[in-house]
Amino acid sequence: MKLKNLRFFGRREKSVTPDFSRLPQHIAIIMDGNGRWATSRALPRTAGHRAGSENFRRIATLCNDIGVRYLTVYAFSTENWSRPRAEVEAIMGLFREYLLEACEELTKKNISLRIVGDTSPLSDEIKSLIRETDRLSQGNTGLHVNVCLNYGGRAEIVHAAQALSREVQEGRLRPEDITAAHIDAHLDTAGVPDPDLIIRPSGELRTSNFLLWQSAYAEYYFTPVLWPDFDETELYRAIADFQGRSRRFGGIEKKK
Ligand code: IPE
Ligand code: IPE
Ligand code: MG
């Protein structure tokens, strides 16, 4: 059943104000629904990807303004290569166009950007833009943005397993000494705290290979709103919903 058919979403019109003194430290977003946004307007899917890229800049700026510490966005998955070649090329073209522009704009606002995922198959031009992104981000202390590009949760766990196996093989690590922290340290997101809130717009109720390891205790928020339409009101609604949840991490609720 599509989310929009659920009674819960009958109340969606109401705008809400979250408690800005206890924001989630790390918000992650599966930026989904660009294609449907475009198709519903009789536009080519690429127009939806463009609108989605613009929305990324708006939401990153907003997260920075309200004081969120980390934002991780899913921009292109390891499975998205299976799309028609023309669409993949159009998306890569948008990365080329937007990466530098978005980076220049966002880094001026003290935001730092990091590209997360396997960048090896990307074009030399995109790779050099990624290096420029790192350079422009240096020293910025505002919101930390991770853009997941050619990212897959399974792929990063496989890479972590390979790296740890090499350490064992070279006698630098004993298998029995491997802990969750070792795996954390070898993921594409090493050094970033786990997400508190994972938002998936577009009405799909799945993770699509996003942050499989890191999401162990994340709170999920699903909405039928398509990513290009996911605005300030929608973000505040997601945060307020998150703030109403009881996170027990396997324990029992703390007495107030
Ligand atoms: C998300 O939007 C962008 C990428 C996966 C690159 P989609 O392109 O998946 O949009 P829908 O899901 O087809 O509407
Ligand atoms: C997930 O969306 C990937 C991104 C948003 C980048 P997809 O559109 O690729 O996911 P599925 O195919 O609906 O699971
Ligand atoms: Mg999709």
Side-chain angles (χ1 to χ4, degrees), residues 1-5 9 26-60 63 70-99 101-102 113-119 121-123 126 129-130 145-157 187-189 192 195 197-215 218 220-231 234-235 238:
M1 192 199 289
K2 284 279 178 194
L3 266 179
K4 59 174 170 276
N5 298 332
F9 286 101
H26 183 176
I27 298 178
I29 306 179
I30 301 174
M31 302 191 293
D32 195 21
N34 296 346
R36 279 164 283 173
W37 183 91
T39 307
S40 70
R41 287 165 173 74
L43 295 169
R45 288 177 60 87
T46 325
H49 295 310
R50 188 173 286 276
S53 310
E54 278 158 12
N55 199 40
F56 157 67
R57 289 201 277 181
R58 283 194 294 272
I59 292 293
C63 285
Y70 296 89
L71 172 69
T72 300
V73 294
Y74 205 5
F76 192 86
S77 75
T78 45
E79 289 73 38
N80 287 148
W81 296 105
S82 67
R83 294 188 178 205
R85 203 186 150 135
E87 178 164 346
V88 172
E89 277 174 6
I91 294 172
M92 292 299 153
L94 273 175
F95 288 146
R96 276 197 301 276
E97 188 184 324
Y98 269 89
L99 209 52
E101 212 179 292
L113 267 99
R114 165 175 163 190
I115 308 300
V116 166
D118 178 8
T119 56
L122 303 176
S123 71
I126 295 184
L129 288 174
I130 292 173
V145 180
N146 303 301
V147 179
C148 295
L149 206 54
N150 191 26
Y151 170 86
R154 286 186 170 178
E156 72 172 344
I157 294 170
L187 296 178
D188 297 342
T189 56
V192 178
L197 168 62
I198 300 182
I199 299 170
R200 181 159 194 166
S202 92
E204 307 301 349
L205 306 179
R206 53 180 172 264
T207 69
S208 302
N209 205 10
F210 188 45
L211 304 177
L212 297 183
W213 172 273
Q214 302 87 331
S215 62
Y220 279 94
Y221 179 85
F222 297 102
T223 169
V225 172
L226 303 171
W227 169 246
D229 291 329
F230 187 92
D231 58 8
E234 299 300 332
L235 182 72

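Fair warning: this is a prediction, and the values are worked out from it, not measured in the lab. Just so you know, ligand 1 is whichever comes first in the structure, and atom 1 is the first atom listed for that ligand.
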Considering only heavy atoms, which of R36, R200, E79 lies nearest to atom 2 (O) of ligand 2?
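Answer by nearest heavy atom: R200.
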Out of R83, E87, E204, indicate the one that has the non-hydrogen atom closest to atom 5 (C) of ligand 1.
R83
Just distances here: any N/O of [X] and N/O of ligand 1 closer than 3.5 Å?
X   : result
N80 : no
F76 : no
W37 : no

Using a 4.0 Å cut-off to any heavy atom of [X], which atoms of ligand 2 qualify?
X    : result
S208 : 1 (C), 10 (O), 11 (P), 14 (O)
D32  : 2 (O), 8 (O)
I30  : 1 (C), 5 (C)

Can you tell me which residue and heavy atom of the protein come closest to atom 12 (O) of ligand 2, and the distance to 0.1 Å?
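Scanning the protein heavy atoms, the shortest distance from atom 12 (O) of ligand 2 goes to R206 NH2, 4.6 Å.
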List the closest protein heavy-atom neighbour of atom 3 (C) of ligand 1: residue, atom name, distance to the nearest 0.1 Å.
N34 ND2, 3.6 Å
Should the pair E89-R83 be classified as a salt bridge under the 4.0 Å nitrogen-to-oxygen rule?
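Between R83 and E89 there is no salt bridge, as every charged N stays at least 4.0 Å from the carboxylate O atoms.
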Between R200 and D32, is the closest basic N to carboxylate O distance under 4.0 Å?
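Counted as a salt bridge, because a side-chain N and a carboxylate O are separated by less than 4.0 Å.
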Non-hydrogen atoms of A51 and P228 that approach each other most closely:
CB-CB, 3.8 Å
For A75, which part has a heavy atom under 4.0 Å from ligand 1: side chain, backbone, both, or neither?
backbone
Contact flag D32/the Mg ion (ligand 3), N/O/S atoms, threshold under 2.8 Å:
yes
Any protein heavy atom lying closer than 4.0 Å to atom 14 (O) of ligand 2?
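True for atom 14 (O) of ligand 2.
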From the list T72, T189, D188, side chain to side chain donor-acceptor pair (under 3.5 Å) partner of Q214 resolves to T189
